[in-house]
Enquirer: 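Quick one: the structure is below, and I'll ask about it shortly.
Numbered from 1 within each chain, the chains take letters A, B, ... in sequence-line order. All values derive from a computational prediction rather than experimental measurement.
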Amino acid sequence: MIKAVRGTRDLLPPETALWNFVESAARDVFRAYNFQEIRTPIFEATELFARGVGEETDIVAKEMYTWEDRGRAASDSGQSLTLRPEATAGIVRAYIEHKLWDRGLNKLYCIGPMFRRERPQKGRYRQFYQIDAEVIGPASAGSDSPARDAEVLEMLATLLDRLGISDWNLELNSVGTPADRVQFNAALRKALEPLVAQMCTDCQRRAVTNPLRVFDCKVPEDQPIIDTLPRITQFLGEDSRKHFDAVQEILTRVGVSFRINERLVRGLDYYTRTAFEFTHGALGAQNAILGGGRYDGLSEALGGPAAPGIGFAIGEDRLVMSLKETAEGVVRKPDVYVAPLGAGMNGEAAKLARELRHHDVVVELGDDAFRLKKSFEAATKAGAKYILIVGENEVKADAFALKNLATGEQVSVPRGELAQRIQG
RNA sequence: GUGGGAAUAGCUCAACUGGCAGAGCACCGGACUGUGGCUCCGACGGUUGCGGGUUCGAUUCCCGUUUCCCACCCCA
């Protein structure tokens, strides 16, 4: 038997109804904030992610699905391509390619699969889905403003609340500008030097490769040491600090609760200044339901003009997992089961079903080979509200037996009144 | 990439120390000819993840392997 490959999975009904529930809620909320959809390719030139996400990140260094796409002709040299591991780089590429700065501020969202070759776990798949949104444009259009950061965060709070996910936590930090981080990193290395020998092996490695990640350490014995380390906050430049203060002020004003987490660091190189995560319990070790932040230098790193931006990625798989709503609760069941009765009635039933469907009635259609008892069983199993019998008597009278399957009430309804009766 | 647990019918799970692979639910049919749910009866359903080994005999013990789960790492 051929099975879905490791780390991928089929989403089957009725669970897919939950995914549609999430996606349509997201689209509704995005519309209210004037975000518009962008769709970028699922694979891109490998170089885009290497330069955008960062060569040194785990994503680029060891998790990408990359292959050499061979040329088909002498003039076509072939190139290294990669399945997108995240959405932002592709969107910024499109921003540059189509000169979207001519439109001023761009508020874009994108929903689709991403690919990372990690060891699968609950809430972590090799093909997974993200709901992604970005605000990007020239600084003159306000893309730089703390108002945009706050707007994005408030929008996320609205979306989660609307989905019925009430017990989320917003963790907020500023990781400063690249210049701020150079200073911070140097200070961190210096502070770690005399202490690192007492720390766990992971931290000893991090201290060399990426000192920021020491803050991620969960080993209890290391915590007192980590508490003594310098904090990024102490190294923020005047602009970064003011920006961060302004974001917090607006959030407080609009009533979105958050927690400053000075230890929040992010694994993609492009993040600057505001960085955030929304977490949720009951997700196990993968407790981050979404994450994001500013990437003020990304466009320039990709060869474009200065274009500050802020965005986030929601882990849709994890979002669906943390939903209280059940698939049964959001799936739309048939309004009516149309039951052809007696040989040759399929045509009449199909005609009636067509009329009802044109009135936006959800119709399940039976088969005239079924005995009436079997039609009733099928209607009940399908969860239909009504069953509509299309037999010889009914066709002759042009009025049909309509039975409410819950109450057992049965009436004869003229053809023209059926849709209204079923929907009412 | 590292460490641990698990894998038996479509689903949830049994099967003593190695001795004929089972139940509930679901599905299909019947009781019941144009009236469902409830009930009763019946049928279907398996290379016990895969490959090898030990044994008279392996779902059971051993080795390998794959996948899933948990944790690390990292991230959404």
Enquirer: Is it true that A:Glu364 and A:Lys333 have a side-chain N and a carboxylate O under 4.0 angstrom from each other?
Expert: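 Salt bridge absent between A:Glu364 and A:Lys333.
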Enquirer: What is the distance, to the nearest angstrom, from the CG atom on A:Leu388 to the C1' atom on B:rG34?
Expert: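 So the two atoms are 14 Å apart, to the nearest Å.
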Enquirer: Side chain of A:Arg119, base of B:rU2: donor and acceptor closer than 3.5 Å?
Expert: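 Indeed, a donor on one side and an acceptor on the other fall under 3.5 Å apart.
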Enquirer: Hey, are A:Asp28 and A:Arg162 close enough for a salt bridge, meaning a charged N less than 4.0 Å from a carboxylate O?
Expert: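 Salt bridge present between A:Asp28 and A:Arg162.
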Enquirer: Is there a donor-acceptor contact under 3.5 Å from the side chain of A:Asn20 to the main chain of A:Ala17?
Expert: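 No, A:Asn20 side chain to A:Ala17 backbone: no donor-acceptor pair under 3.5 Å.
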Enquirer: Closer than 4.0 angstrom, basic N to acidic O: yes or no for A:Glu97 and A:Arg93?
Expert: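 Judged by the 4.0 Å cut-off on N to carboxylate O distance, A:Glu97 and A:Arg93 do form a salt bridge.
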Enquirer: Around A:Lys324, counting heavy atoms of other residues, nucleotides and ligands shown, do more than 12 lie under 6.0 Å from its NZ?
Expert: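 Yes, the 6.0 Å shell around NZ holds more than 12 heavy atoms from other groups.
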Enquirer: What does A:Gly383 touch in the nucleic acid at a heavy-atom separation under 4.0 angstrom: a base, only the sugar-phosphate, or nothing?
Expert: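 Nothing, no nucleic acid heavy atom in range.
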Enquirer: Does this structure show an ion pair linking A:Glu118 with A:Arg124, if we count only N-O contacts that are shorter than 4.0 Å?
Expert: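 Looking at A:Glu118 and A:Arg124, the cut-off is met.
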Enquirer: Any N or O donor-acceptor pair linking the side chain of A:Glu394 to the base of B:rG34 at under 3.5 Å?
Expert: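 By the distance-only test, yes, there is a pair.
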Enquirer: Could you check whether A:Arg259 pairs with A:Glu171 (Lys NZ or Arg NE/NH1/NH2 to Asp/Glu carboxylate O, under 4.0 Å)?
Expert: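 Result for this pair is yes, salt bridge flagged.
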Enquirer: What does the 5'-to-3' dot-bracket notation of RNA chain B look like when only Watson-Crick and G-U wobble pairs under 3.5 Å count, and pairs to other strands show as |?
Expert: (((((((..((((.....[..))))..((((.......))))......(((((..]....))))))))))))....
Enquirer: Can you list, in residue-number order, the parts of residues 373-380 of chain A that come under 4.0 Å of RNA chain B, counting heavy atoms only?
Expert: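 When residues 373-380 of chain A is checked for heavy atoms under 4.0 Å from RNA chain B, the hits, listed by number, are A:Lys373, A:Lys374, A:Phe376, A:Glu377, A:Thr380.
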Enquirer: For a side chain to side chain contact (heavy atoms under 4.5 Å, CB included) with A:Phe276, tell me which candidate from A:Asp149, A:Leu153, A:Asn261 qualifies.
Expert: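 Result: among A:Asp149, A:Leu153, A:Asn261, A:Leu153 is the only option passing the side chain to side chain contact (heavy atoms under 4.5 Å, CB included) with A:Phe276.
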Enquirer: Using only modelled atom types and a 3.5 angstrom limit, is any donor from either the side chain of A:Arg124 or the base of B:rC73 paired with an acceptor on the other?
Expert: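 Such a pair exists between side chain and base.
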